[in-house]
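What follows is a set of notes on a single structure, which appears directly below.
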Amino acid sequence: MAVKSKNPFNAINLEKPTTAIKQAKSRINVGCWNVRSVKQEATQAFLVHEMEKYNIDILCISETRISGSGSIVITAPETLHQFHFFYSGVEDNSGLHGVGFIMNQRTGNALLEWEPVSCRLAQIRLKGNPANVSTISTYAPTRDATETTKDDFYGKLQQLSPSVATHDYLIVSGDFNARVGPSDQTTRQILGKFGQGHRCENGQRGCTDNIFAFRFIIQQFERYNLPLILMFLDLIAAFDSVTRQKLWKILENDGMPLKFVDLMKAYYDASLSRVRVYGEETEEFLVEFGPKQGCVLSPTLFYFCIDWVLENALSSYPRAQIGQNLSLTDLDYADDVGLLSDPVEAQNMLDNVVAWANLIGLKVSTEKTKFMAFNHETGPFSLTINQVQLEKANHGAEWVLDGSYSYNFEVLGDLVPLGAHLMCLSQVIFAICSHLYIYTL
């Protein structure tokens, strides 16, 4: 089964698999491990020994530090069982990064295809019954990496996920180089008791991650031919519009100790500003709206406002069902909000969010707010804000050879889940994939 690619960035179609994974009759255990290096044969032997010890069928490994791409067969020293090791590394001899998969004989026999995407991403596809299983092995850049390096990794991951066939089960596993911190209400299904430290920048959610989540959601609705409306809201001068008196009330209602509320009131009391024009400054004027620009508290204070608006506006609306254990109505980041609804409730949901936002001084832009409609076949669909019709964004759905949809989103702003009642990306992906038996197939 050892196959070596002449071009490490082209997918390799393997010989016809001898067996298929059957959900009802077999169980597959998937693990991930940053191995630091797997060049030595002794390290390879140790890895397959641990796989047998813990009954791991597929091990996604990172920092392999092997150049090029290809595959080798590893023989377990004690049992003499054979394991298939597929690796994807850098093209030079720097020995940096590298990802791969180690599979036992059973899963190796079900292998349909493997694709060495880069030194940080690789993908395999297994024959399954009733559906095939695609797995992506990842090694994300560290927090200290350049923004270009991070954008390149997440951009490739974002491009890779929609390329998976619509009906495949998808597993994304590996080292994301992030401290996620202890679990809370939004992450306890993922972290359990094992989150440590403080959540770092890589542990937060980003625009790329959220579009990644949206694509997952859309694919599931397409799979079952269910209607879905996505609304992307943009707030006008959001940080400068919130009424501070309403902000203090929101903090009190959310349980903020009055001592802290009073301290923030004193900090914001009699806020004065000037505007510099052509090198000259205007007279001082009083600022009574919005968090202070550049203040470290400002993003958190604004999140309280957005959270309050969405909690009140969406509490009575049905949530889009994502998997077996999770449903949600929105994915958000700062002042950009993404709403999910069915066509029947979409206009009412939008009107309610606009009304609650107006109560604290926030206004929704009719020019920048857009929507997408999927699987809506009962005629033209439109949405309005204050009788102004919104633009329908082109989601660029294209039918590709394998029968799946590929979505090319327009740039609609940063969208990330926030707040205690909102769902984080990892939980969204967990719910989708657990519905598809992500770790137990």
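Side chains included, hydrogens not; waters and symmetry mates left out as well; all remaining heavy atoms used. Sequence positions, counted from 1, serve as the residue numbers for this chain.
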Check [X] against [Y] and note the closest heavy-atom contact, atom names and distance.
X      : Y      : answer
Val309 : Val353 : CG1-O, 4.0 Å
Lys150 : Thr142 : CE-O, 3.4 Å
Asn93  : Ser67  : CA-OG, 3.7 Å
Phe371 : Ser382 : CZ-CA, 4.0 Å
Gly68  : Tyr87  : O-CD1, 3.7 Å
Gly95  : Lys39  : CA-NZ, 4.4 Å

Do [X] and [Y] make a side-chain contact, defined as non-hydrogen atoms from C-beta onward lying under 4.5 Å apart?
X      : Y      : answer
Asp57  : Asn29  : yes
Tyr139 : Thr64  : no
Trp308 : Lys246 : no
Ile124 : Ile58  : yes
Asp342 : Leu226 : no
Asn34  : Arg36  : yes
Pro141 : Asn177 : no
Phe381 : Pro343 : yes

Taking [Y]'s backbone N and O only, do any of them form a donor-acceptor pair with [X]'s side chain (distance below 3.5 Å, no angle check)?
X      : Y      : result
Lys392 : Ala373 : no
Ser88  : Ser69  : no
Tyr317 : Asn348 : yes
Ser137 : Val99  : no
Ser118 : Arg120 : yes
Thr43  : Val38  : no
Asp234 : Thr369 : no
Arg65  : Gly98  : no
Ser365 : Glu367 : yes
Asp92  : Ser94  : yes

For this session: Report the C-alpha distance between Leu301 and Val242 in whole Å, list the side-chain angles of each, state the deciding distance to 0.1 Å, and finish with yes or no for side-chain contact (heavy atoms from CB on, under 4.5 Å).
Result: CA-CA 10 Å; Leu301 294 177; Val242 176; over 6 Å; no
So how far is it from [X] [atom1] to [Y] [atom2], rounded to the nearest 0.5 Å?
X      : Y      : atom1 : atom2 : value
Phe304 : Leu247 : CZ    : CG    : 9.0 Å
Lys363 : Ile236 : NZ    : CD1   : 9.0 Å
Glu391 : Thr366 : CD    : OG1   : 11.0 Å
Met256 : Ile250 : CE    : CD1   : 11.5 Å
Leu59  : Ser173 : CG    : OG    : 8.5 Å
Phe85  : Ile102 : CZ    : CD1   : 5.5 Å

Problem set entry | Residues that Ser134 engages under side-chain hydrogen bond (donor to acceptor under 3.5 Å, both in side chains), provided they are two or more places apart |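 Ser134: side-chain hydrogen bond (donor to acceptor under 3.5 Å, both in side chains) contacts with Asp168.
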Problem set entry | Residue list, side-chain hydrogen bond (donor to acceptor under 3.5 Å, both in side chains) with Arg274, at least two apart or on another chain |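 side-chain hydrogen bond (donor to acceptor under 3.5 Å, both in side chains) check on Arg274 returns Glu281, Glu284.
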Exercise. What residues form a ring-ring contact (aromatic ring centres under 6.0 Å, His included) with Phe101, not counting sequence neighbours?
Worked result: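 For Phe101 there are no ring-ring contact (aromatic ring centres under 6.0 Å, His included) partners, ignoring immediate neighbours.
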Exercise. Which pairs pass side chain to side chain donor-acceptor pair (under 3.5 Å) with one or both residues in residues 350-362, sequence neighbours excluded?
Worked result: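 Listed once each, the pairs are Gln347-Asp351.
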For this session: With sequence neighbours excluded, tell me which residues meet salt bridge (charged side-chain N to carboxylate O under 4.0 Å, His left out) with Asp152.
Result: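 Asp152: salt bridge (charged side-chain N to carboxylate O under 4.0 Å, His left out) contacts with Lys156.
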For this session: List for me each residue that meets salt bridge (charged side-chain N to carboxylate O under 4.0 Å, His left out) alongside Asp175, sequence neighbours excluded, and say none if there are none.
Result: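 Not a single residue meets the salt bridge (charged side-chain N to carboxylate O under 4.0 Å, His left out) criterion with Asp175.
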Problem set entry | Verdict with supporting geometry, Leu111 and Leu126, side-chain contact (heavy atoms from CB on, under 4.5 Å) | CA-CA 4 Å; Leu111 188 62; Leu126 304 177; 3.6 Å; yes
For this session: Give a yes or no on this: more than 12 heavy atoms of other residues, nucleotides or ligands lie within 6.0 Å of atom CG of Asn253.
Result: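 Correct, the count exceeds 12.
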Exercise. Got a sec: does the CZ of Phe260 have more than 12 other heavy atoms crowding it under 6.0 Å?
Worked result: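 Check fails, neighbour count at 12 or below.
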For this session: For Thr329 and Leu339, run side-chain contact (heavy atoms from CB on, under 4.5 Å): C-alpha distance rounded to whole Å, both residues' side-chain angles, the deciding distance at 0.1 Å, then the answer.
Result: CA-CA 6 Å; Thr329 54; Leu339 303 179; 5.9 Å; no
Problem set entry | Worked verdict on Leu350 versus Thr384 for side-chain contact (heavy atoms from CB on, under 4.5 Å) | CA-CA 8 Å; Leu350 179 60; Thr384 62; over 6 Å; no
